[in-house]
2 protein chains.
Amino acid sequence: MDTKSLIITIATTLFQQKGYIGVGLNEILKECNISKGSLYHHFPNGKEELLIACLQSLKETITTDIVEIFGRYQNTKKATNAMIEKIIHNLETEGTLTGYTFSSIVSEMALLSDAVRNACAELYQEIENIYVNKLTADGYSKENARSIALLMTASIEGGMMLCLTQKTSEPLKIISKTIPNIFDDNVNVVNL
Amino acid sequence: MDTKSLIITIATTLFQQKGYIGVGLNEILKECNISKGSLYHHFPNGKEELLIACLQSLKETITTDIVEIFGRYQNTKKATNAMIEKIIHNLETEGTLTGYTFSSIVSEMALLSDAVRNACAELYQEIENIYVNKLTADGYSKENARSIALLMTASIEGGMMLCLTQKTSEPLKIISKTIPNIFDDNVNVVNL
DNA sequence: GTCTATAGGACGATAGAC
DNA sequence: GTCTATCGTCCTATAGAC
């Protein structure tokens, strides 16, 4: 792998786990086994430019991954359960925030950098769109599909937070079991 | 107000908005108009001790507030809508993370400090317990109440995240409208 | 109980050799 | 394209006067 890709790969994981401010350039350099001069050659505008490159890379990875899972299952309910299953598996093997989550970056940077905030917004939007497409294929109206997709995104993101504090994957497991209740028999009762 | 309370009050808000690492002691001191010696007199173990004091204070504030709201409304649905309404109001007037959220602290510190992680876990638990009590009063079984309360906590926390990225309160508004669908006609279908 | 001054280290970023 | 050396700033924390 070329140096630039290596930096992005390693930095992405670190940023997901520890947030943007929580990861120093030195830590990234050490894990990559490169030096400061090399990093600034590939990212002349420094750390924030690197972060945005990581978010773009993350967008590719996440959407490819979720599209693949959602293509493999008949309906949104089964696909969602499979997806959360995968997140839980990651969480239990790595013991930390990875996969489809980047809440640490959002909560730190949303107020500090519009460029980063927009990149994160775009990433959430891409994920939600995949849900919306599957839900409309299931027969939901566009409006209801959007509401449900948003609730899915929010509860998975929040569920990761709860898993982190509890050091268990229980919260996501319960969410995986509870979320389908929004789908069932509620095709027409969204937006009361 | 005595100095110690002043420090806690101001630091709590700053930590909620910018996270733990994102706020320097100097910024806290400046807003309090006090000096470093004074802060270290009240919190001899430094910044992390202050953070934990802030989380304890936050627990008081949040639970008092939510208990009050949940006491004012007949059922969980109405109480939840009123609560989210209040969060949205805060969000729109302050334009930043405050109120019942502390996701920035969780995502930054959960892996770094067990003391902080436990304080956050306790805080989430307190909030969930209020929901659980109201839900069982509504007639839900203990187990279903727990599942729904967890989904509520997660989706509100995740919804704040989406509001931050989009600079709108739309996500929380939609969540407020969509969440009640989990309650309706689903008393017995949780945990499929 | 509050102040000033300062220690000692980590940070992001730059300069210039090779 | 990668390296080392270094700058200037910020950080948490401490020491000691009042």
Side-chain angles (χ1 to χ4, degrees), chain A residues 1-55 57 104-105 107-117 119, chain B residues 1-55 57 104-105 107-117 119:
Chain A
M1 197 189 310
D2 60 308
T3 305
K4 188 165 184 175
S5 306
L6 177 71
I7 298 173
I8 292 176
T9 304
I10 289 187
T12 301
T13 306
L14 288 172
F15 285 147
Q16 277 184 287
Q17 291 172 348
K18 308 189 181 186
Y20 176 70
I21 312 176
V23 179
L25 290 184
N26 291 320
E27 187 177 355
I28 297 169
L29 300 175
K30 197 176 165 189
E31 290 241 2
C32 292
N33 262 309
I34 59 165
S35 66
K36 208 152 271 192
S38 180
L39 190 146
Y40 273 91
H41 169 76
H42 294 290
F43 303 96
N45 290 82
K47 197 183 177 186
E48 186 167 326
E49 186 186 351
L50 170 60
L51 173 62
I52 291 183
C54 288
L55 288 172
S57 151
S104 45
I105 298 165
S107 52
E108 279 180 347
M109 294 298 288
L111 295 169
L112 296 179
S113 159
D114 274 342
V116 173
R117 189 180 54 71
Chain B
M1 196 188 311
D2 61 307
T3 306
K4 189 166 184 174
S5 306
L6 176 71
I7 299 174
I8 291 176
T9 305
I10 289 187
T12 301
T13 307
L14 287 173
F15 285 148
Q16 278 183 286
Q17 291 171 348
K18 307 190 180 185
Y20 177 71
I21 312 176
V23 180
L25 291 183
N26 290 320
E27 186 177 356
I28 297 170
L29 300 174
K30 196 177 167 189
E31 291 240 2
C32 292
N33 262 310
I34 59 165
S35 68
K36 207 151 274 191
S38 180
L39 189 145
Y40 274 91
H41 170 76
H42 293 289
F43 302 95
N45 291 84
K47 197 182 177 186
E48 186 167 325
E49 186 185 352
L50 170 59
L51 173 61
I52 291 182
C54 289
L55 288 172
S57 152
S104 44
I105 298 165
S107 53
E108 278 180 347
M109 294 298 287
L111 296 169
L112 296 179
S113 160
D114 273 342
V116 174
R117 189 180 54 71

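Per chain, numbering begins at 1; letters A, B, ... match sequence-line order. All of these numbers come straight from a predicted model, not from anything done at the bench.
- Put simply, CD1 on Ile21(B) is 18 Å from P on dC10(D), counting in whole angstrom units.
- Across all strands, Gly46(A) comes closer than 4.0 Å only to sugar-phosphate atoms, never to a base (heavy-atom distances).
- Proximity note for Asn26(B) (side chain, C-beta onward) versus dT12(D), dG12(C), dT2(C): the nearest is dT12(D).
- In this structure, Leu39(A) atom CG and dT14(C) atom P are separated by 12 Å, rounded to whole Å.
- Side-chain proximity of Lys36(A) to the nucleotides dA13(D), dA5(D), dC3(C) is greatest for dA5(D).
- Rounding to whole angstrom units, CD of residue Glu49(A) and P of dG12(C) are separated by 15 Å.
- Of the listed nucleotides (dT2(D), dT2(C), dG12(C)), dG12(C) has the atom at the smallest distance from the side chain of Tyr40(A).
- Taking atom NZ of Lys30(A) as the reference point, atom P of dC11(C) lies 11 Å away to the nearest angstrom.
- Between Thr3(A) and dT2(D) there is a side-chain polar atom (N or O) within less than 4.0 angstrom of OP1 or OP2.
- The nearest whole Å value for the distance from the CG atom in Leu50(B) to the P atom in dA13(D) is 10 Å.
- Gly24(B) comes within 4.0 angstrom of the backbone, heavy atoms only, and of no base.
- Leu25(B) has its CG atom 17 Å from the P atom of dA10(C), to the nearest Å.
- With contacts defined as side-chain heavy-atom distances shorter than 4.5 Å, the pair Arg117(A)/Leu112(A) does not qualify.
- The distance between atom CG of Leu29(A) and atom C1' of dG12(C), rounded to the nearest whole Å, is 11 Å.
- A 4.5 Å side-chain heavy-atom check between Leu14(A) and Gln17(A) finds at least one atom pair inside the cut-off.
- Scanning both residues, Ile8(B) and Thr12(B), for their nearest heavy atoms gives O-OG1, 2.5 Å.
- Computed from coordinates, the Tyr20(B) OH to dT12(D) P distance equals 8 Å when rounded to whole Å.
- At the phosphate of dG1(D), OP1 or OP2 sits under 4.0 Å from a side-chain N or O atom of His41(A).
- Looking at every heavy atom in both residues, Ile105(A) comes nearest to Gln16(A) through CD1-N, 4.4 Å.
- The nearest pair of heavy atoms linking Lys36(A) to Leu29(A) is CE-CD1, 3.6 Å.
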